[in-house]
Engineer: 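Have a look at this one before I ask anything.
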Amino acid sequence: MTDQVRTRIAPSPTGAPHVGTAYMALFNLAFARKHGGRMVLRIEDTDQLRSTPESEEAILQALSWMGMKWDEGPDCGGEFGPYRQSERTALYQAEAQRLLEQGNAYPCFCSSERLDQVRKEQMANKETPRYDGHCLSLTPEEIEERKNQNEPWVVRLKVPAEGECRFTDELRGEISIEWTQIDHQVIQKSDGFPTYHLANVVDDHLMEISHVIRGEEWISSTPKHVLLYEYLGWTPPSFAHLPLLRNPDKSKLSKRKNPTSINYYQDAGFLPEAMLNYLGMMGYTLPDQREIFSLDELCETFEIKRVSLGGPIFDVEKLKWLNGRYLREKLSPEEVLQKLIDWKGGPDFFRKIIPLALPRLETFSDFFPISQFLLNESPVYPLEELAGKQEPVEVARILKVAEWELEKASTWDRDSLSSIFQNLAEKEGKKLKELLAPFFVCMTGSKVSLPLFDGMALLGADLTRTRIRKALQLLSENGAGLSKKGLKALEKEYRQSYGNRID
RNA sequence: GUCCCGUUCGUCUAGUCAGGUCAGGACACCGGGUUUUCAUCCCGGCAACAGGGGUUCGAAUCCCCUACGGGACGCCA
């Protein structure tokens with residue numbers, strides 16, 4: 001055990017790279033650098049169902065794009081590997097076994113149906129929903145027998161029945177939570193994989209993480225982690241819980257209300273340095289209060305105690321202002337040109353547009369107007385244009401279903417988009433042409449444009465999805481959106497004809 | 001509902017740890033100047049210590065209560 005500072009960023013590869021991940025990474029990195037330590041990147045892919053290699057790749061790429069480097073990780077190795085939890089299951093199983101043997105954990109055979117039922121009843125009785133201890137009283141013989149019958153089972157953490165858990169948060173001081181508030185968490189699932197709680201404790205210990213700097217959302221499960229450290233006979237790291245990035249309405253940052261994918265900002269033409277700088281001023285100011293600073297400057301002067309705890313609202317307007325300053329003050333016109341070309345202003349991107357535009361061109365001057373929607377952040381159009389001849393509410397319905405379907409797309413190209421919409425038309429009993437009308441408007445701002453699927457493919461998933469959400473927003477601002485009830489009904493209907501949603 | 005965390009201009013925040021310019025900067029907004037327009041740039045303005053009790057000569061700063069906001073309560077992380 002060294003006394004070196006070691007921090008970690010532990011993203012779960014279950015979707016688009018989130019700005020919140022970058023935010024946490026930034027502070028972990030700054031803290032590690034400031035103290036001459038190292039930052040580890042660990043992939044938390046213990047959710048077999050939702051984790052994908054594509055997402056992992058996208059996250060690593062997005063963080064790199066933002067200019068962050070980690071000292072150890074699945075891509076660059078390190079002496080504490082492997083850095084992917086799916087490759088460390090034996091480690092977790094051994095510890096789970098140990099906890100079982102020590103009597104700190106117990107097997108549970110309850111079905112998820114029963115669990116749901118119990119939860120429902122507890123909610124109805126206004127109790128805190130938690131495991132009722134059903135399997136706690138199983139005898140060793142019963143356990144043996146049920147295991148032999150191949151009944152699926154999980155491992156649950158035994159939690160003290162009374163007293164309270166105290167731990168210190170570096171930013172908030174001492175926090176205490178009654179043990180009665182803590183659920184008998186599942187620490188190993190029936191597929192043999194650990195849940196976050198176990199994996200995170202085992203890995204943080206084995207990887208010699210000295211400081212756990214993570215989001216505020218984890219405060220309430222910290223007692224489980226503290227308990228695990230105790231049961232396993234390990235010294236816990238110090239904890240610091242950072243505030244969460246918020247939507248303008250103060251709720252936790254979510255893609256419904258704000259673009260959250262790092263790729264969105266990349267595709268929309270933001271500079272990574274400006275993004276990083278902006279995130280660095282969320283809940284934090286440098287000691288001298290300067291507001292334009294580089295990653296290195298942040299790292300050199302970083303003091304974690306300066307983090308302020310009120311949840312900062314992610315304000316795209318201010319981000320844009322900052323980005324503008326970078327463009328004007330940090331780059332020469334020549335550099336701007338080069339970056340513009342690398343973005344979407346060069347032959348690579350134009351080459352993809354030409355075949356689509358060509359049949360519609362008479363002169364060169366036709367090119368830019370017709371391709372404009374591929375280069376701007378989002379088109380503007382009046383509501384009437386979006387609704388067309390259809391009922392606005394019906395349009396909202398279709399957009400929503402499409403949003404969910406698009407969420408599931410694992411590949412993003414002309415053909416896969418085409419089949420998604422073919423399927424949509426079929427299920428909705430509409431002609432493709434009719435179905436597509438509002439999508440032309442929300443993607444391009446016009447009823448007539450380049451072929452839609454090619455356009456969406458070039459736009460990329462993030463810009464496309466955001467345009468759909470913006471259209472939905474426009475609709476609801478004008479009283480034609482889905483009501484809460486309507487949304488719920490739609491969701492149910494959706495599940496029946498399209499299957500489960502994944503986000 | 002229960003528990004936990006939080007609360008300075010509309011927004012990001014300084015000041016809080018070592019009480020004593022009733023509060024500084026930035027975005028946005030408004031006004032003025034430079035500019036053939038716009039933008040940039042420059043100048044100016046608007047605007048906040050959530051409320052109530054204490055402690056103190058004195059509180060944004062320390063303590064308590066209330067309110068409000070957020071988070072957590074999954075075989076998700």
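Every chain is numbered from 1, with letters handed out A, B, ... down the list of sequences. This structure is a prediction, so every number in the text was calculated from the model and none was measured.
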Engineer: Can you tell me if A/Gln473 and A/Arg469 form a side-chain donor-acceptor pair at under 3.5 Å?
Structural biologist: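 No, no side-chain donor-acceptor pair sits under 3.5 Å.
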
Engineer: Using the salt bridge (Lys or Arg N to Asp or Glu O under 4.0 Å) rule, collect all pairs that involve residues 175-197 of chain A, keeping only residues at least two apart or in two chains.
Structural biologist: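 For residues 175-197 of chain A, and leaving out neighbouring residues, there are no salt bridge (Lys or Arg N to Asp or Glu O under 4.0 Å) pairs at all.
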
Engineer: Who is the Watson-Crick or G-U wobble partner of B/rA59, with both distances under 3.5 Å?
Structural biologist: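 Base-paired to nothing in any strand shown.
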
Engineer: Measure CG/A/Leu171 against P/B/rU16 and give the value in whole Å, please.
Structural biologist: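 In whole Å, B/rU16 P lies 16 Å from A/Leu171 CG.
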
Engineer: Testing A/Asn200, A/Asp203, A/Asp47 one by one against A/Gln85 for a side chain to side chain donor-acceptor pair (under 3.5 Å), which residue passes?
Structural biologist: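 So the option named by the test is A/Asp203.
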
Engineer: Using the P atom on both, measure B/rU8 against B/rA50 and round to a whole Å.
Structural biologist: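 Rounded to whole Å, the distance is 6 Å.
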
Engineer: Under 3.5 Å, is there a donor-acceptor pair linking the side chains of A/Asp45 and A/Ser12?
Structural biologist: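 Side chains of A/Asp45 and A/Ser12: no pair found under 3.5 Å.
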
Engineer: Quote, to the nearest angstrom, the C1' distance that separates B/rC63 from B/rG71.
Structural biologist: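 Their C1' atoms lie roughly 26 Å apart.
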
Engineer: Take atom C1' in B/rA59 and the same atom in B/rG52, then report the distance between them in whole Å.
Structural biologist: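 Going atom to atom, C1' in each nucleotide, I get 15 Å.
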
Engineer: Would you say A/Glu477 has more than 12 foreign heavy atoms packed within less than 6.0 Å of its CD?
Structural biologist: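 More than 12 within 6.0 Å, yes.
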
Engineer: Pairs under 3.5 angstrom, nitrogen or oxygen only, protein versus nucleotides 23-32 of chain B, please.
Structural biologist:
unit_1	atom_1	unit_2	atom_2	d
B/rG24	N2	A/Gln289	OE1	3.1
B/rA26	O4'	A/Glu291	OE2	3.2
B/rA26	O2'	A/Glu291	OE1	3.3
B/rA26	O2'	A/Glu291	OE2	3.0
B/rA26	N3	A/Lys318	NZ	3.0

Engineer: Rounded to whole Å, please give me the gap between CD1 in A/Ile175 and C1' in B/rC3.
Structural biologist: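 One finds 12 Å between C1' of B/rC3 and CD1 of A/Ile175, rounded.
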
Engineer: Are a donor atom and an acceptor atom from the side chains of A/Asp296 and A/Ser294 found within less than 3.5 Å of each other?
Structural biologist: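 Not at all, the side chains of A/Asp296 and A/Ser294 share no donor-acceptor pair under 3.5 Å.
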
Engineer: What is the separation between atom CG on A/Leu245 and atom P on B/rC12, rounded to the nearest whole Å?
Structural biologist: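 These atoms are roughly 11 Å apart.
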
Engineer: Can you find a side-chain donor-acceptor pair between A/Arg325 and A/Asn277 that sits under 3.5 Å?
Structural biologist: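 Not at all, the side chains of A/Arg325 and A/Asn277 share no donor-acceptor pair under 3.5 Å.
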
Engineer: How far, in whole Å, is B/rU11 from B/rC3 if one measures between their C1' atoms?
Structural biologist: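 Roughly 30 Å separates the two C1' atoms.
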
Engineer: What string of B, S and - do you get for nucleotides 69-77 of chain B, 5' to 3', if B is base contact, S is sugar-phosphate-only contact and - is no contact with any protein heavy atom under 4.0 Å?
Structural biologist: SSSSSSBBB

Engineer: Searching all strands shown, indicate the nucleotide that pairs with B/rU2 (Watson-Crick or G-U wobble; both distances under 3.5 Å).
Structural biologist: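 Pair assignment: B/rU2 / B/rA72.
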
Engineer: In whole angstroms, how far is the P atom of B/rU11 from the CG atom of A/Asn258?
Structural biologist: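 Atom-to-atom, A/Asn258 to B/rU11, this comes out as 15 Å.
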
Engineer: What integer number of Å spans the C1' atoms of B/rC42 and B/rU56?
Structural biologist: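 Those two atoms are separated by 46 Å.
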
Engineer: Rounded to whole angstroms, how far apart are CG on A/Leu309 and C1' on B/rU8?
Structural biologist: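 Whole-Å distance recorded here is 14 Å.
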
Engineer: With both distances under 3.5 angstrom, what nucleotide forms a Watson-Crick or G-U wobble pair with B/rU36?
Structural biologist: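 Across all strands, not a single nucleotide pairs with B/rU36.
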
Engineer: Quick one: do the A/Trp70 and A/Asp75 side chains pair a donor with an acceptor below 3.5 Å?
Structural biologist: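 Note: A/Trp70 and A/Asp75 side chains meet the donor-acceptor criterion.
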
Engineer: Using the P atom on both, measure B/rU61 against B/rA28 and round to a whole Å.
Structural biologist: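 Here B/rU61 and B/rA28 have their P atoms 31 Å from each other.
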
Engineer: Quote, to the nearest angstrom, the C1' distance that separates B/rG6 from B/rC49.
Structural biologist: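 B/rG6 and B/rC49 have their C1' atoms separated by 15 Å.
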
Engineer: Roughly how far apart, to the nearest Å, are B/rA48 and B/rA26 at atom C1'?
Structural biologist: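 Those two atoms are separated by 15 Å.
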
Engineer: More 5' along RNA chain B: A/Ile313 or A/Ile219, using each one's nearest nucleotide?
Structural biologist: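 The residue closer to the strand's 5' end, by nearest nucleotide, is A/Ile219.
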
Engineer: Give me the one residue out of A/Arg172, A/Glu216, A/Arg214 that meets side chain to side chain donor-acceptor pair (under 3.5 Å) with A/His241.
Structural biologist: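 Of the listed options, the one satisfying the test is A/Arg214.
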
Engineer: Students often get this wrong, so: under 4.0 angstrom with heavy atoms, is A/Arg290 touching a base, only sugar-phosphate, or nothing?
Structural biologist: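 No contact.
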
Engineer: Do you know which of A/His197, A/Gln185, A/Glu230 makes side chain to side chain contact (heavy atoms under 4.5 Å, CB included) with A/His225?
Structural biologist: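 Answer after filtering A/His197, A/Gln185, A/Glu230: A/His197.
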
Engineer: Please determine, for B/rC29, whether a Watson-Crick or G-U wobble partner exists with both distances under 3.5 Å, and give it or none.
Structural biologist: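 Matched B/rC29 with B/rG45 under the 3.5 Å cut-off.
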
Engineer: Would you kindly say whether A/Tyr498 and A/Glu493 are connected by a side-chain donor-acceptor distance under 3.5 Å?
Structural biologist: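 No donor-acceptor contact under 3.5 Å links the two side chains.
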
Engineer: Mind checking if A/Thr180 touches a base, just sugar-phosphate, or nothing, with heavy atoms under 4.0 Å?
Structural biologist: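 If one applies the 4.0 Å heavy-atom cut-off, A/Thr180 turns out to touch nothing in the nucleic acid.
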
Engineer: Can you tell me the base-pairing partner of B/rC9? Count Watson-Crick or G-U wobble geometry only, both distances below 3.5 Å, and say none if there is no partner.
Structural biologist: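 The answer is none; no pair meets the criterion.
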
Engineer: Taking atom P of B/rC12 as reference, at what distance in whole Å does atom CG of A/Asn323 sit?
Structural biologist: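 In whole Å, B/rC12 P lies 20 Å from A/Asn323 CG.
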
Engineer: If B/rG19 has a Watson-Crick or G-U wobble mate with both distances under 3.5 Å, name it; if not, just say none.
Structural biologist: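 None - no nucleotide pairs with B/rG19, as no candidate has both distances under 3.5 Å.
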
